[in-house]
Amino acid sequence: MTEGGVSQPLVSGKALVKRFGDFEAVRGIDIEVNQGEAFGFLGPNGAGKSSTMRMIACVSPRSDGDLRVLGMDPDIDGPRIRARIGVCPQQDNLDTELTVRENLQVYGRFFGLSRAQVREKAVELMEFAQLSDRANAEVESLSGGMKRRLTIARSLVNDPELLLLDEPTTGLDPQARHLLWDRLFRLKQRGVTLIITTHYMDEAEQLCDRLVVMDGGRIVAEGSPSALISRYSSREVLELRFAPGEQAGHEAKVEGLAERVEVLPDRLLLYTANGEAALEQVTARGVRPVSSLVRRSTLEDVFLRLTGRTLVD
Amino acid sequence: MSTVVQQRSTGRVLGLWRTAWLVVEAHWMWYRRHWHSNLFSSGLHPLLFLAAMGLGFGSQVRPSAATGGVDYLNFVAPSLLLLGVVFTAVSESSYPVLSGFKWQQHYIAMIATPMRPGCIVLGLVQWMSLRLLLAGAVYTVIATFFGAWLNAGAIFVMFVGVLTGLACATPVMALASVTYDEGNRFTLIMRLVVIPMTLFAGTFFPVDSIPLGVRWLTWISPLWHGTELARGVTLGGLDVLPFLGHLAYLLALLLTGGALATRGFARRLVN
């Protein structure tokens, strides 16, 4: 993609809109994803992340605005773009009656690869996905984490220049998630450009160099995870947990102890540079929470600040 | 700093027919491990009919003008082949196609590749043709040992079977592409369209004995057009014009269904 030493963005969208009938799923967003970057869409369900991903994947014509993927227009060059990108959908759509190896080979053929190429590629990808010992097992028999790894492996069969991952670890147990993150991290190191949607802030922090926070079809903030945290949140957060319903009564008592206080159903969040110091002062004022916790700020806090809501309900 | 130079993607766009053939290849990958159960239901099922109707029931029927002057076995052999392929064609185009959108989501996986909706439909039609041809061939060969064929026209009947099957399959595929519920309508189609069709299409007895008031059911039925073609060749007595007419009807149904299916696939997969 580098021409004359100047690298053009792999994806560039301007005032991008997606409407389904009267419903506007994406309401005029600007995005730019550069080569080698891991770019994230963070937001709750229904924020417009998947609709945006489908437009980039050339399976959903935009309703308005402009979009270029690999320098081409998806409306005109859909198949040509799709030939060079990889898509890992939110829901695994592997052929469960074929084996692990067969899934990779069949899919590779769809990208115009020769039989010899797909045979070789399948072996390499099974290695990558740590599924070599299950090569001849039908997909039906795999665990959720294995299926997910196979779906990701399958999306790499054409050596994509851009990989789209829609909610890559939703529904997986912690161990399976970490294994998957490790694989995605390796891809990043190999220079594959990643676009990831997630509603998990830890996932976004782990994987994304830069992300946009989406809410209600709009981009509400943009930056690296650390920049977003320092811009929209404090360094530390003091969580004070109370019996449900009692937290609001304590709000007045902690006033002035933090830059900002959020009231959640069962706790107060105090945003402050020094959580321990704030906790001492809280105790000094006679507030007795059921439990307390000092932690670093996360993207969850950024999201709460920007939208007034939590990411995962 | 990383010095890894990213390799350009190896993916490329192939032409319509080559891409469609990859759909056949994908189905073959599955079929070669599951062929026994499939071939049994699609190829051997009509043979049971042939044994029961052609040999069993047929032993009670005297050759007459109604059977074109031949044994009942020879009379029903071609029409039972068509009956078998039509059942296979309709059932393979209903739930399995819906599953490609809804449950297994094969088509959603395919559309993420350079494949286009039209390629998928064309590939499905090609695959269906091969399966129907195979089922027809198994039937034809075994029916030969029953003495069910009078001449080599049996080979032509296999191809009429493919055409008739496809003429029923593509409209059902089109319907599957616009089905969003659990697909209960396919059960209704089987019960209220396909099974009655076998009774009014001259499969078991000549349509001359059907009252004129309901004869139109015969005329719109693709199975009847196929049966006329198949019998016309094996038993003789079909003029060129009707021959071409039946052929044209089946082709028109196949192409209309194919066009509707392509539109349905495109709308469902790219939206």
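Reminder, nothing fancy here: chain letters follow the sequence lines and each chain counts from 1. Keep in mind that the numbers below use all heavy atoms, side chains included, and drop hydrogens, waters and symmetry copies.
- Proximity to chain A (any heavy atom under 4.5 Å) is restricted, for B:R33, to the side chain, taken from C-beta onward.
- Heavy atoms of A:R115 lying under 4.5 Å from chain B belong exclusively to its side chain.
- The part of B:E25 that comes within reach of chain A is its side chain, from C-beta onward, which places non-hydrogen atoms under 4.5 angstrom from that chain.
- In this structure a side-chain-to-backbone donor-acceptor pair under 3.5 Å is missing from B:Y139 to B:P46.
- With respect to chain B, the highest number of heavy-atom pairs below 4.5 Å among A:R54, A:K18, A:R80 belongs to A:R54.
- Within the 4.5 angstrom heavy-atom criterion, no atom of A:L164 approaches chain B.
- Neither the backbone nor the side chain of A:K121 comes within less than 4.5 Å of any heavy atom in chain B.
- Interface remark: B:L14 contributes side-chain atoms only to the contact with chain A (heavy atom separation under 4.5 Å).
- Judged by distance alone, the side chain of A:N158 and the main-chain N or O of B:T10 form no donor-acceptor pair under 3.5 Å.
- Between A:D77 and A:R82 there is no salt bridge, since no side-chain N of the basic residue sits under 4.0 Å from a carboxylate O of the acidic one.
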Quiz prompt | Step-by-step side-chain contact (heavy atoms from CB on, under 4.5 Å) determination, A:Q90 to A:T170 | solution = CA-CA 8 Å; A:Q90 199 166 345; A:T170 297; 5.9 Å; no
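- Judged by the 6.0 Å distance and 45° axis criteria, B:R12 is not positioned over the aromatic ring of A:F111.
- A centroid separation of less than 6.0 Å is found between the aromatic rings of B:F265 and B:F101.
- The candidate from B:I111, B:V23, B:I108 with the greatest count of non-hydrogen atom pairs under 4.5 Å with chain A is B:I111.
- In this structure, A:L207 and A:K188 have side chains that are not in contact, with every pair of non-hydrogen atoms separated by 4.5 Å or more.
- Looking at A:T99, the atoms closer than 4.5 Å to chain B (heavy atoms on both sides) sit in the backbone and in the side chain alike.
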